[in-house]
Amino acid sequence: MCGIVGYVGLQSAGPILLEGLQRLEYRGYDSSGIAVVDRDGAIAVMKREGKLRTLQAAISEMPSGGTGIGHTRWATHGQPSDRNAHPHASSSGDVIVVQNGIVENYRELRAELQQQLDAEGRSWQSETDTEVIPELISRELAAGRSIESALGYAIGRLRGANAIAVVHRSQPDRIYAARTGSAGGIVIGYGDGEMFLASDLPALLPHTTTVYHLEDGDLAVVDSESLTIRRADREPYEPTPVQIDLDPVAIARGPYRHFMLKEIHEQPRALSDTIRGRARLDPPSALADDFDLPESTLRGIERVLVIGMGTSLHAAMIGRWWIEQIAGIPADFDNASEFRFRAPLLGPSTLVVAVTQSGETIDTLGAMNQVRERWGAPQVVITNVDGSEATRQADAAIIMRCGPEVGVASTKTFVASLASLYLLACRIGHAQGRLTDDDLTVQLEQLLTAPSLVERGIARAERCSEVAQRFSESSNFLVLGRGIEYALAMEAALKCKEISYVHAEGYAAGEMKHGPIALLDQGFPVIALAPRGPLFDKMTSAIQQVSARRAPVIAIGDEGDEELSDLVDHFIGVPPAPAPLTPFSLTPVIQLLAYQIALTRGLDIDQPRNLAKTVTVE
Ligand code: M6R
């Protein structure tokens, strides 16, 4: 949530910062801004409400400078406006800050600083929580502290998780940065006589693949040649950077109109990469190579709880189903933000599995933190970002190998997290002796067909487009599914809401007659997820109940299922899949339907309103 960038070197910082912000715009896009400092300490700040292009149009008027910081915002405190856009300055104008996170005690800090501002006849320039940070630093500087010390003091006063970058007039060749808690990362990139800073790797990749991820509690001093870390608990030191293996092409949109479409098409590859080497048939093994949870822990698990938010929660729902069916042990799922605050009961023999694409979602990290502190239960994270905060909190990680996902809507990471959960269910079942070698072979052989199921689902794009155009004006949808498809109904509804701005509800089909059926009439289309399987007849009963109320039915079922297609108004066929694998055949179609509706409506698919890719605030 919010993207921050920084540059210090011999080039003009402005254009580099702007390009970095373009690559982070998925993190927030309601306003943006840049501050540059020239060699003599003159500071110029430019900020604009709206998408980054409004800032881009204005930036030619900005003086150049070799040091700078920038920000793209997802508003938390104060509505989107020029005034509330970052960077924010101290009332003295000397200290400039960009921030990602929330200063939870900002009211208290504002009240404390207010007296001093009043006495000087100064006032706040924004409604943000951020502005207290430069003010705190500035006051401590005036009291005689060094910048590092003033920044350390200010950070120590903030409650909440925050990542910040700071420039100061008196140090025009330096950026200071700090990270506390899990407010999304800060990565420092090493160039040749220049250094970069960003919330996430995509902003750095055009410049360098040599990076260092700041850790919680790090206070960083960055100049054009080096990074020095200061921490309360040790002497200042220069950390050792790491090389990352990420192809800049992975973050280019290529020939696709939107990142979401590109990422939908990348799903077969993302799945194959995620499964590769982790589903072996001879002898059969699941997750044998790179999964660190000890065998004794796996054998002792009596219950599994899968947690996540949004799309990751829907993956968790499906994971619960597989863990029960494949591993044969009790399993449950929970919304991480609810789980945290209801004092749930866990024991050390419960395995907690956190699903989080970014590894930085604050609700999920908060839940993981609570699990560790209160129960010490073992935790596994399934994430796309190796080195993310969630990987640091968990005992073991399954890293999806999707490459960066740029579209705000989760697509390829949804199917990859499903494959990871399936592998985990196999591994637990095998470790506990509930799956014999032969059983495991059958399960893994099934999983190995998943990339092709997804590929064949994607091939239905044209049919999805026809149906989407027919219903692009509808304001409501009910999406029905049963069993494993209930979670997919929820995911389909989420996709419709987030990118098509269509009100959609995902329901267990059996629940429909207990209330939602009252909504139905000719103008209320129903999407029915109805592949052949044990609950098919129950689904067709629900479809008939819908049709009896004259609501149009769009069924997604097995290719060639004439009984189903005769029953409904519109039919989209997907490759038939064995019952546990239907999520792989159905997912591309539900994604493409939402995508096509949004396209027909002319919406901003990769940057839907009010959203951000990584939610690092509560
Ligand atoms: O990074 P995470 O998987 O933890 O993110 C959780 C949700 O914010 C995320 O799945 C969100 O619902 C999707 N972007 C929706 O497509």
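Owing to the predicted nature of the structure, the values given are computational and were not obtained by experimental measurement. Atoms within each ligand, like the ligands themselves, are counted from 1 in listed order.
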> Honestly, is Arg427 close enough over Phe291, meaning NZ or CZ under 6.0 Å from the six-membered ring centre and within 45° of the axis?
Replying inline: no
>> Students should be able to answer this: which protein heavy-atom is nearest to atom 6 (C) of ligand 1, and at what distance?
In response: Met309 O, 3.3 Å
> Relative to each other, are the rings of Tyr595 and His258 parallel, tilted or perpendicular (30° and 60° limits)?
Replying inline: perpendicular
>> Angle between ring planes, Phe196 versus His207, binned at 30° and 60°: parallel, tilted or perpendicular?
In response: parallel
> Of all the non-hydrogen atoms in the protein, which one sits nearest to atom 8 (O) of ligand 1, and at what distance?
Replying inline: Val615 CG2, 4.0 Å
> Using 4.0 Å as the upper bound for N to carboxylate O, is an ion pair formed by Arg392 and Asp216?
Replying inline: no
>> So if I count the atoms of ligand 1 from 1 in the order they appear, which ones are less than 4.0 Å from some heavy atom of Gln357?
In response: 1 (O), 2 (P), 3 (O), 4 (O)
> With a 4.0 Å cut-off, would you call Glu360 and Arg27 a salt bridge?
Replying inline: no
> In terms of residue, atom name and distance, what is the protein heavy atom nearest to atom 13 (C) of ligand 1?
Replying inline: Ser410 OG, 3.2 Å
>> Under a 4.0 Å threshold between the charged nitrogen and the carboxylate oxygen, would Arg482 count as salt-bridged to Glu485?
In response: no
>> With a 4.0 Å cut-off on N to O distance, would you call Asp290 and Arg278 a salt bridge?
In response: yes
> Looking at ligand 1, does Thr614 have a heavy atom less than 4.0 Å from it?
Replying inline: no
> Side chain, backbone, both or neither: which part of Lys613 has a heavy atom under 4.0 Å from ligand 1?
Replying inline: neither
> What is the closest protein heavy atom to atom 1 (O) of ligand 1, and at what distance does it sit?
Replying inline: Ser358 OG, 2.7 Å
>> Quick check on contacts: which atoms of ligand 1 are under 4.0 angstrom from a heavy atom of Ala409?
In response: 16 (O)
>> Give the atom numbers and elements of ligand 1 that come within less than 4.0 Å of a heavy atom of Thr361.
In response: 1 (O), 2 (P), 4 (O), 5 (O), 6 (C)
>> Ring-plane angle category for Tyr106 and His77, please: parallel below 30°, perpendicular beyond 60°, tilted otherwise.
In response: perpendicular
> Looking at atom 10 (O) of ligand 1, what's its closest protein heavy atom, distance included?
Replying inline: Thr311 N, 3.1 Å
>> Quick check: Val408 and ligand 1, any N/O pair under 3.5 Å apart?
In response: yes
> Salt bridge check: are Lys495 and Glu491 linked by an N-O gap of less than 4.0 Å?
Replying inline: yes
> Of all the atoms in ligand 1, which lie at a distance below 4.0 Å from a heavy atom belonging to Ser312?
Replying inline: 2 (P), 3 (O), 10 (O)
> Which atoms of ligand 1 are found less than 4.0 Å from any heavy atom of Glu498?
Replying inline: 15 (C), 16 (O)
